[in-house]
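Data block below; observations after.
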Amino acid sequence: MRVIWDRRELHIKVVYYGPPLSGKTTNLRRLQENIAPQHRSDLVSLDTEGDRTLFFDLLEVNLGRIGGLQPRVSLYTVPGQPRYQRVRELVLRGADGVVFVADSAPHRLRENHAMWQQMWQQMYKLRIQDVPVVLQLNKRDVPNPTPVAQFQQLLRHPKGEEVPIVEAQAKHNVGVRETFALILKRILQR
Ligand SMILES: Nc1nc2c(ncn2[C@@H]2O[C@H](COP(=O)(O)OP(=O)(O)O)[C@@H](O)[C@H]2O)c(=O)[nH]1
Ligand SMILES: [Mg+2]
């Protein structure tokens, strides 16, 4: 988080992390569609190959004033494919908060877990292990979604802290705004 005093701006970086195709880009797309153009940028997607994000997506959102400052929030997504581990780390650097977008499809459980572990490894390496994390359980509309309790058991905070959960269907714009509001609230509380 950086304050640019002469412009009275507060810069905040939020990263959406998770396995491939869990719905990270869809979250940003829905936010873009639902925030008035004067309060946001266009969604910039770098080097996409069909549906897949190869580098990252970026959306900037300007919020109302907080304590005389104008918050400017930069939202990033990471590419989920295993071979882009290094890119994920680069994008994660300097994050003020992280949203982990999990895929509720039952056959994706192991991938969620592997990415969750990698996220914490990278957060420790980058010394951002204490920034707020929100766990979004996306795709709750799929058949036989992984139960919330099973996610809670599997995706644990390394220090045993409670991780707030939002159930979502990003595709249908359910839980997207709530997730964004919750991570921002946690960041600003800090
Ligand atoms: N069934 C279902 N599909 C979703 C949901 N959210 C996203 N998707 C789909 O999942 C696919 C991957 O989404 P995308 O946002 O590109 O994933 P990313 O790789 O995490 O950025 C797309 O076909 C989306 O339409 C959801 O809530 N339910
Ligand atoms: Mg993507």
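One-based numbering, in listed order, for ligands and for the atoms of each.
Which of Q136, K24, K171, E167 comes nearest to atom 3 (N) of ligand 1 through a heavy atom is settled by distance: it is K171.
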Quiz: residues 165-173 side-chain donor-acceptor pairs under 3.5 angstrom, not counting sequence neighbours:
residue : atom : partner : partner atom : Å
E167    : OE1  : R140    : NE           : 3.3
Q169    : OE1  : H172    : ND1          : 3.1

Distance-only donor-acceptor hits, side chain of residues 183-190, under 3.5 Å, sequence neighbours excluded:
residue : atom : partner : partner atom : Å
R190    : NE   : D130    : O            : 3.3
R190    : NH2  : D130    : O            : 3.3

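Residues M1 and F180 share a hydrophobic cluster, clusters being chains of Ile/Leu/Val/Met/Phe/Trp/Tyr side chains in contact below 4.5 Å.
Residue T26 places at least one N or O, backbone or side chain, under 3.5 Å from an N or O of ligand 1. Geometrically, ligand 1 and H172 share no nitrogen or oxygen pair separated by less than 3.5 Å. Residue A170 places at least one N or O, backbone or side chain, under 3.5 Å from an N or O of ligand 1. Residue contacts with ligand 1: P20 is placed with no nitrogen or oxygen under 3.5 Å of a nitrogen or oxygen of the ligand (distance criterion only). Among the atoms of L21, some N or O lies under 3.5 angstrom from an N or O of ligand 1.
Residue contact annotation: T25 places an N/O/S atom under 2.8 Å from the Mg ion (ligand 2).
By the 30° and 60° cut-offs, the orientation of the rings of Y124 relative to W120 is tilted.
Residues T25 and D57 have side chains that bring a donor and an acceptor to within less than 3.5 angstrom of each other. Side-chain atoms of Q118 and R88 form a donor-acceptor pair, as typed in the model, at a separation below 3.5 Å.
Only the side chain of D141 comes within contact range of ligand 1, with a heavy atom under 4.0 Å; no backbone atom does. Heavy atoms of V101 found under 4.0 angstrom from ligand 1: none, in either backbone or side chain.
Those atoms of ligand 1 with a heavy atom of N138 less than 4.0 angstrom away are 5 (C), 6 (N), 27 (O). Set against the non-hydrogen atoms of Q169, the atoms of ligand 1 under 4.0 Å away are 27 (O).
Residue-ligand proximity: S22 is placed with a non-hydrogen atom under 4.0 Å from ligand 1.
Counting heavy atoms from C-beta on, the side chains of P71 and L63 come closer than 4.5 Å.
A salt bridge links D42 with R40: at least one charged nitrogen is closer than 4.0 Å to a carboxylate oxygen.
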